[in-house]
Protein chains: 2
Amino acid sequence: MSSVTPAADGDPAARPLRKDAERNRARILAAAREVFAAQGLDAGFDEVARVAGVGVGTVYRRFPERRDLVEALFQEEVDAVVARAEEAAADPDPWRGLVGFLHWGAEAQAADRGLAQVLAAAGRGHERVASGRDRLAPAVDALVRHAQRAGVLRPDVSGLDIGIAVAMVGRVGGPDRARLRERYVTLVLDGLCLRRDAPTPLPQVAVGEDDLACVVEPVRRPR
Amino acid sequence: MSSVTPAADGDPAARPLRKDAERNRARILAAAREVFAAQGLDAGFDEVARVAGVGVGTVYRRFPERRDLVEALFQEEVDAVVARAEEAAADPDPWRGLVGFLHWGAEAQAADRGLAQVLAAAGRGHERVASGRDRLAPAVDALVRHAQRAGVLRPDVSGLDIGIAVAMVGRVGGPDRARLRERYVTLVLDGLCLRRDAPTPLPQVAVGEDDLACVVEPVRRPR
DNA sequence: GTGGAAACGGAAGACCTGCTCCACTTAGCT
DNA sequence: AGCTAAGTGGAGCAGGTCTTCCGTTTCCAC
């Protein structure tokens with residue numbers, strides 16, 4: 001979660017960075033991970049620089065475009081999602097695998113705004129992060145097919161549906177609304193299963209009359 | 001949808017506006033409805049003024065705070081949602097009423113970013129729009145109880161759950177993704193019903209390999 | 001028609017944000 | 001140690017948005 005590719009930055013022919021530059025690069029990546037998770041992918045570079053303890057100029061020199069930073073960061077985060085999907089697909093109980101993946105995915109996206117945005121961009125086929133989708137889609141598709149062949153998942157849904165469902169639920173609520181998200185994952189899963197006689201019990205949520213800060217986050221306005 | 005309270009603006013003791021002022025006020029409200037629907041509640045006042053064909057100063061004089069404008073606008077929009085919920089609750093077939101309300105609500109929120117934000121704020125208990133929730137919550141609760149008493153809706157969900165579900169699905173996709181939203185409303189409804197033997201058929205969506213612009217919209221960063 | 005209060009509009013100032021640039025510092029080689 | 005190229009940081013500029021302010025226009029009561 002915090003290891004960083006040491007030097008070779010895509011182009012293996014590039015001369016290695018100086019030691020201090022490499023150290024700062026790592027600091028910037030760590031800071032960006034933190035800031036992007038909290039504020040989303042268009043957080044100010046100033047903030048990233050402040051958290052990293054370097055000047056803005058340094059951030060811009062190392063990552064001239066925002067995409068460069070995002071790309072460097074989320075390669076590994078996407079890997080984590082792919083790994084989790086494969087793990088879920090390997091579960092001997094296919095339904096349990098699917099359930100686990102949905103819960104985990106919703107929580108991961110809720111905890112990290114940047115991740116949510118990257119996955120959305122990957123789904124949308126954005127050039128630079130498209131490689132993310134190319135790895136992600138097969139993994140989720142495999143999970144879906146696995147559950148469908150076992151006859152527990154309805155046959156008319158695709159991996160894309162699962163991705164969108166995770167994204168939808170992941171947008172619900174603030175940081176401490178984990179219970180609420182579990183509730184909606186359970187609800188969606190009751191819609192995803194092939195058939196059922198009774199509803200799956202939902203996690204109870206105690207919301208006070210004036211403590212309904214649990215709604216879906218507002219959309220952002222386009223630039 | 002386009003009628004506007006002529007003069008009495010909250011305070012009945014206020015002297016009536018001059019005729020031109022009243023005309024401009026109506027123009028501003030119409031423009032704001034359009035602009036807020038497209039761009040969300042924090043669209044620039046400049047844009048509202050431009051669309052209304054008045055100067056920015058006029059907008060600021062009539063509505064010194066953004067909240068004043070939002071409040072004046074969405075009183076009636078919330079009324080429309082309440083009316084739709086009551087209509088749905090009055091349906092002799094309670095399940096059909098619920099299905100119709102979810103489809104309508106998701107589409108309404110997708111078509112109007114401003115409405116989505118206001119409903120979110122209302123759910124969150126925001127002071128000025130709190131009155132909206134006070135009217136909305138009972139209407140949706142009645143719809144839910146109606147369906148539950150008829151034994152078609154699972155008993156462990158509340159009106160709030162319905163509101164959040166509508167909001168979640170309403171965030172999916174862009175303007176022409178109505179089909180996709182229908183798909184997820186159907187899926188959620190299959191999770192909401194008391195029991196079912198087979199999945200409800202989902203509306204088919206044809207998405208090309210690189211036309212996956214169907215993901216949930218990104219979250220916005222806080223000010 | 002006239003006087004004066006109300007309303008108008010948009011230029012201008014305050015502010016905020018993304019990015020560049022260059023005088024200075026530092027690592028690493030000899 | 002001394003030299004040089006690589007690296008640094010933050011002041012400052014450009015471009016954008018929000019809000020105010022005041023000279024001009026419009027309405028309406030008389």
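Throughout, protein chains are lettered first and strands after them, A, B, ... in sequence-line order, and every chain is numbered starting at 1.
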Trainee: With sequence neighbours excluded, what pairs up with B:Glu65 under the side chain to side chain donor-acceptor pair (under 3.5 Å) test?
Mentor: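 Once residues adjacent in sequence are excluded, the partners of B:Glu65 under the side chain to side chain donor-acceptor pair (under 3.5 Å) criterion are B:Arg67.
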Trainee: Excluding sequence neighbours, so at least two apart, what forms salt bridge (charged side-chain N to carboxylate O under 4.0 Å, His left out) with A:Asp156?
Mentor: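 Per chain and number, A:Asp156 pairs via salt bridge (charged side-chain N to carboxylate O under 4.0 Å, His left out) with A:Arg154.
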Trainee: Atom pairs under 3.5 Å, N or O on each side, protein against nucleotides 26-30 of chain D: can you list them with distances?
Mentor:
| unit_1 | atom_1 | unit_2 | atom_2 | d |
| --- | --- | --- | --- | --- |
| D:dT26 | O2 | B:Arg18 | NH1 | 3.1 |
| D:dT26 | O2 | B:Arg18 | NH2 | 3.1 |
| D:dC28 | OP1 | B:Lys19 | N | 3.2 |

Trainee: Looking only at side-chain N and O atoms, does B:Arg61 come under 4.0 Å of OP1 or OP2 in C:dG9?
Mentor: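 The answer is no; no side-chain N or O of B:Arg61 sits under 4.0 Å from OP1 or OP2.
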Trainee: Apply salt bridge (charged side-chain N to carboxylate O under 4.0 Å, His left out) to B:Arg50 and list each qualifying residue two or more places apart in sequence or on a separate chain.
Mentor: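 By the salt bridge (charged side-chain N to carboxylate O under 4.0 Å, His left out) rule, B:Arg50 matches B:Glu47.
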Trainee: By side chain to side chain contact (heavy atoms under 4.5 Å, CB included), which residues pair with A:Glu86, not counting sequence neighbours?
Mentor: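 Scan of A:Glu86 (side chain to side chain contact (heavy atoms under 4.5 Å, CB included), adjacent residues dropped) gives A:Val82, A:Ala139.
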Trainee: Could you tell me which residues satisfy side chain to side chain donor-acceptor pair (under 3.5 Å) with A:Arg18, sequence neighbours excluded, listed by chain and number?
Mentor: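 With sequence neighbours excluded, A:Arg18 shows a side chain to side chain donor-acceptor pair (under 3.5 Å) to A:Asp20, given in chain and number order.
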Trainee: Measure from CZ on B:Arg27 to C1' on C:dG9 and round the result to the nearest Å.
Mentor: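 That distance rounds to 13 Å.
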Trainee: Would you kindly give the CG-to-P distance between B:Leu41 and D:dC18, to the nearest whole Å?
Mentor: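 So the two atoms are 13 Å apart, to the nearest Å.
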Trainee: For A:Arg171 and A:Gln109, test the side chains for any donor-to-acceptor distance below 3.5 angstrom and give the result as yes or no.
Mentor: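 Judged by distance alone, the side chains do pair up.
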Trainee: Taking 4.0 Å as the cut-off, does a side-chain nitrogen or oxygen of B:Asn24 come that near to OP1 or OP2 on C:dC8?
Mentor: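 The answer is yes; a side-chain N or O of B:Asn24 sits under 4.0 Å from OP1 or OP2.
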Trainee: I need the residues from residues 49-59 of chain A with at least one non-hydrogen atom less than 4.0 Å from DNA chain D; give them sorted by number, or say none.
Mentor: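 Within this stretch, A:Val54, A:Gly55, A:Val56, A:Gly57, A:Thr58 sit under 4.0 Å of the strand.
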Trainee: Name all residues meeting the salt bridge (charged side-chain N to carboxylate O under 4.0 Å, His left out) criterion together with B:Arg135; count only those two or more places apart in sequence or in a different chain, and write none if there are none.
Mentor: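 With sequence neighbours excluded, B:Arg135 shows a salt bridge (charged side-chain N to carboxylate O under 4.0 Å, His left out) to B:Asp79, given in chain and number order.
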Trainee: What residues form a side chain to side chain contact (heavy atoms under 4.5 Å, CB included) with A:Ala52, not counting sequence neighbours?
Mentor: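 Testing A:Ala52 for side chain to side chain contact (heavy atoms under 4.5 Å, CB included), a comparison that skips the adjacent residues, returns A:Arg27, A:Ile28, A:Ala31, A:Val54.
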Trainee: Can you list, pair by pair, the side-chain donor-acceptor contacts under 3.5 Å of residues 157-169 of chain B, counting residues two or more places apart and other chains?
Mentor:
| unit_1 | atom_1 | unit_2 | atom_2 | d |
| --- | --- | --- | --- | --- |
| B:Ser158 | OG | B:Leu160 | N | 3.3 |
| B:Ser158 | OG | B:Asp161 | N | 3.3 |
| B:Ser158 | OG | B:Asp161 | OD2 | 3.3 |
| B:Asp161 | OD1 | A:Arg183 | NE | 3.0 |
| B:Asp161 | OD1 | A:Tyr184 | OH | 2.5 |
| B:Asp161 | OD2 | A:Arg183 | NE | 3.4 |
| B:Asp161 | OD2 | A:Arg183 | NH2 | 2.6 |
| B:Asp161 | OD2 | B:Ser158 | N | 2.9 |

Trainee: Figure out the CG/P separation between A:Asp42 and C:dC16, and round it to whole Å.
Mentor: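 Nearest whole value for this atom pair: 19 Å.
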Trainee: Of all residues at least two apart in sequence or in a different chain, which pass the salt bridge (charged side-chain N to carboxylate O under 4.0 Å, His left out) check with A:Asp91?
Mentor: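 Salt bridge (charged side-chain N to carboxylate O under 4.0 Å, His left out) list for A:Asp91, sorted by chain: A:Arg96.
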Trainee: Take the C1' atoms of the five end pairs on each side of the helix from C:dG1-D:dC30 to C:dT30-D:dA1, get both axes, and report the angle to 10 degrees.
Mentor: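 Nearest ten degrees gives 10° for this helix.
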Trainee: Between atom CZ in A:Phe63 and atom P in D:dT8, what is the gap in whole Å?
Mentor: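 Those two atoms, CZ and P, are 11 Å apart.
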